[in-house]
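Chain letters run A, B, ... following the sequence lines, proteins first and then strands; every chain starts at 1. All heavy atoms count here, side chains included; hydrogens, waters and symmetry mates do not.
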Amino acid sequence: MRLGAKDFDLASTVESGQLFRWSKEGDGYRIAHRDKSFFVSQEGDFLEFSGVTAAFLTSFFGLDVDYAAIKRKLSKDAMLRTAIKAYPGIHIVRQDPWECTVSFLCSSFSNIKKIQLNLRKLTECFGESGAFPCPGDIDDHPRIKSCSTGYRSKYIFEANKLVDDRSLNALKRLPYAEAKARLMELPGIGEKVADCICLFSLDKTEAFPVDVWIKRVIEELYFEGKSMKERDVRDFAKQRWGALAGYAQQYLYHWRRTL
DNA sequence: GACCAGGATATGG
DNA sequence: CCATATCATGGT
């Protein structure tokens, strides 16, 4: 199937650290998410895809969002304009909240390769016929640990007992601050992980996850390399970009990492 | 508020 | 082969 995708870059969107269960396949990507597995490739302004509906893909990759308008506003910032020019087609994905939660519980003090390994093993270990396990299914602590999750295993084990799809999806209807506060009630979810879940699965575009890379790039571009507190980085982003802070984060993150 | 453990992988020397 | 860095959090 074929779908128009203007102002969208599949490669940088998939490879910008939002998604973990994907691999290159032929001239495109095989992407797994919850119970879905689909193939996508891009030729110019069109996506060639199979395994999901066009409606799913449109929502998943945010093809219904006016990125031209977002970039126009953010490009008033000279620093940000450079990052946007480097990868102008990056989109924020709309993930499933549960898979997103488990993914970023795995992410703490880790790296992308290892997170991918964790999620591959968790899916093999607890999932049914290749699908990502549902809330309630990841219920064996020693086996979670055997998925190379280390000290994060107890967080995954607890989160699996404490949430379900309905409660997580209900967070989409709450204001950002409330959704984030609810997520942070779960063990292992602090400010950074909560912001990732808000931005990548709950449509909270004002969320600004602060990791080592974002902290570094904000210090370099806006504060002459002087060391900042994470709290101050978040406050700066909120003040400067407001509801578009999440988009700014993604452009800056991918640009700085691929420098 | 600053420091530290905990667990595994990839990369560079 | 060893040293080092890695998309943080919770406890002290």
Side-chain angles (χ1 to χ4, degrees), chain A residues 12-23 83 86-87 90-93 95 97 99-125 138 140-163 180-202 204-205 207-221 226-237 245-259:
Chain A
S12 59
T13 298
V14 171
E15 298 189 31
S16 59
Q18 311 179 57
L19 293 167
F20 302 100
R21 295 203 301 130
W22 57 267
S23 57
Y87 296 98
I90 293 186
H91 281 203
I92 301 289
V93 294
Q95 296 186 42
E99 180 163 344
C100 192
T101 297
V102 177
S103 299
F104 285 94
L105 275 173
C106 290
S107 77
S108 78
F109 204 70
S110 188
N111 53 67
I112 291 172
K113 282 266 162 61
K114 187 159 165 272
I115 300 164
Q116 291 177 325
L117 175 72
N118 294 152
L119 294 172
R120 201 157 52 231
K121 284 187 170 182
L122 285 168
T123 303
E124 276 171 26
C125 215
I138 312 180
D140 185 319
H141 182 58
R143 282 171 65 218
I144 299 170
K145 211 159 190 175
S146 78
C147 298
S148 312
T149 51
Y151 61 87
R152 305 160 196 83
S153 57
K154 60 178 178 292
Y155 302 144
I156 298 166
F157 181 71
E158 290 302 319
N160 177 71
K161 285 193 293 191
L162 291 170
V163 305
K180 180 174 175 180
R182 294 281 294 279
L183 288 168
M184 287 176 65
E185 290 170 6
L186 298 172
I189 300 187
E191 299 262 5
K192 194 269 173 181
V193 170
D195 275 330
C196 285
I197 299 167
C198 281
L199 180 59
F200 301 137
S201 77
L202 300 178
K204 306 305 176 195
T205 61
F208 190 85
V210 178
D211 58 48
V212 291
W213 292 95
I214 280 295
K215 185 171 176 293
R216 189 176 300 161
V217 75
I218 295 290
E219 287 166 352
E220 288 169 354
L221 293 181
K226 280 180 68 180
S227 180
M228 298 172 74
K229 296 192 163 131
E230 290 175 14
R231 180 68 216 244
D232 295 326
V233 176
R234 267 192 301 277
D235 290 346
F236 171 79
Y247 298 104
Q249 184 271 353
Q250 204 59 28
Y251 292 120
L252 288 170
Y253 176 79
H254 195 57
W255 171 68
R256 185 60 182 76
R257 286 211 59 167
T258 55
L259 218 54

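The residue Ser16(A) sits close to a base: some heavy atom pair falls under 4.0 Å. Contact annotation for Gln18(A): base contact, defined as any heavy-atom pair under 4.0 Å involving a base atom.
As a whole-Å value, the separation of Phe104(A) CZ from dT9(C) P is 12 Å. Between the P atom of dA8(C) and the CG atom of Asn118(A) lies a distance of 13 Å, rounded to the nearest Å. Rounding to whole angstrom units, CZ of residue Phe208(A) and C1' of dA8(C) are separated by 17 Å. Here the P atom of nucleotide dA8(C) and the CG atom of Leu183(A) are 17 Å apart, to the nearest Å. When rounded to the nearest whole Å, the span between CD of Gln116(A) and C1' of dT6(C) equals 14 Å. Regarding Lys215(A), its NZ atom lies at a distance of 13 Å from the C1' atom of dA8(C), rounded to whole Å. In this structure, Glu191(A) places its CD atom 11 Å from C1' of dT9(C), rounding to the nearest Å.
In this structure, the side chain to side chain donor-acceptor pair (under 3.5 Å) partners of Ser12(A), at least two apart in sequence or on a different chain, are Asp9(A). Applying the salt bridge (charged side-chain N to carboxylate O under 4.0 Å, His left out) rule to Asp232(A) yields no partners; only residues at least two apart in sequence or on another chain are considered. Annotation: side chain to side chain donor-acceptor pair (under 3.5 Å) contacts of Asn111(A) (sequence neighbours excluded): none. A search for side-chain contact (heavy atoms from CB on, under 4.5 Å) contacts involving Asp195(A) returns Tyr176(A), Lys180(A), Ala207(A), Pro209(A), Arg234(A), not counting sequence neighbours. Residues meeting the salt bridge (charged side-chain N to carboxylate O under 4.0 Å, His left out) test with Lys113(A), sequence neighbours left out: none. Taking Gln116(A) as the reference, nothing meets the side chain to side chain donor-acceptor pair (under 3.5 Å) condition, with sequence neighbours excluded.
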Original post:
Please, what dot-bracket string fits DNA chain C when only Watson-Crick and G-U pairs with both distances under 3.5 Å count, crossing ones use [ ] and pairs to another strand use |?
Top reply: ||||||..||||
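Counted within 6.0 Å of CZ on Arg143(A), heavy atoms from surrounding residues, nucleotides or ligands total more than 12; the atom is thus considered enclosed.
The main-chain N or O of His91(A) is found under 3.5 Å from a side-chain atom of Thr13(A) such that the two form a donor-acceptor pair. Using a distance-only test at 3.5 Å, with no hydrogens or angles considered, a donor-acceptor pair links the side chain of Thr123(A) to the main chain of Leu119(A).
Interface residues of residues 192-202 of chain A facing DNA chain B, ordered by number: none; criterion, heavy-atom separation under 4.0 Å.
For residues 148-158 of chain A, every residue pair satisfying the salt bridge (charged side-chain N to carboxylate O under 4.0 Å, His left out) rule, not counting sequence neighbours, is listed here: Glu158(A)-Lys161(A). Listed by first then second residue, pairs satisfying side-chain hydrogen bond (donor to acceptor under 3.5 Å, both in side chains) with a partner in residues 211-220 of chain A read Lys215(A)-Glu219(A), Glu220(A)-Arg256(A), not counting sequence neighbours.
Screening Gln249(A), Gln18(A), Lys204(A) for a side chain to side chain contact (heavy atoms under 4.5 Å, CB included) involving Leu199(A) leaves a single residue, Gln249(A).
A donor-acceptor pair shorter than 3.5 Å can be found between the side chains of Thr258(A) and Tyr87(A).
For dT6(C), one of the phosphate oxygens OP1 or OP2 lies less than 4.0 angstrom from a side-chain nitrogen or oxygen of Arg216(A).
Of all non-hydrogen atoms in Tyr251(A) and Ala83(A), the two that sit nearest each other are O-CB, 3.8 Å.
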For nucleotides 10-12 of chain C, which of its nitrogen or oxygen atoms have a protein nitrogen or oxygen under 3.5 Å away, and what is each distance?
| residue | atom | partner | partner atom | Å |
| --- | --- | --- | --- | --- |
| dG10(C) | OP1 | Gly188(A) | N | 2.8 |

Subject >> Contact letters for nucleotides 6-13 of chain B, in which S counts primed atoms plus P, OP1 and OP2 and B counts the base, heavy atoms under 4.0 Å >> reply: BBBBS---
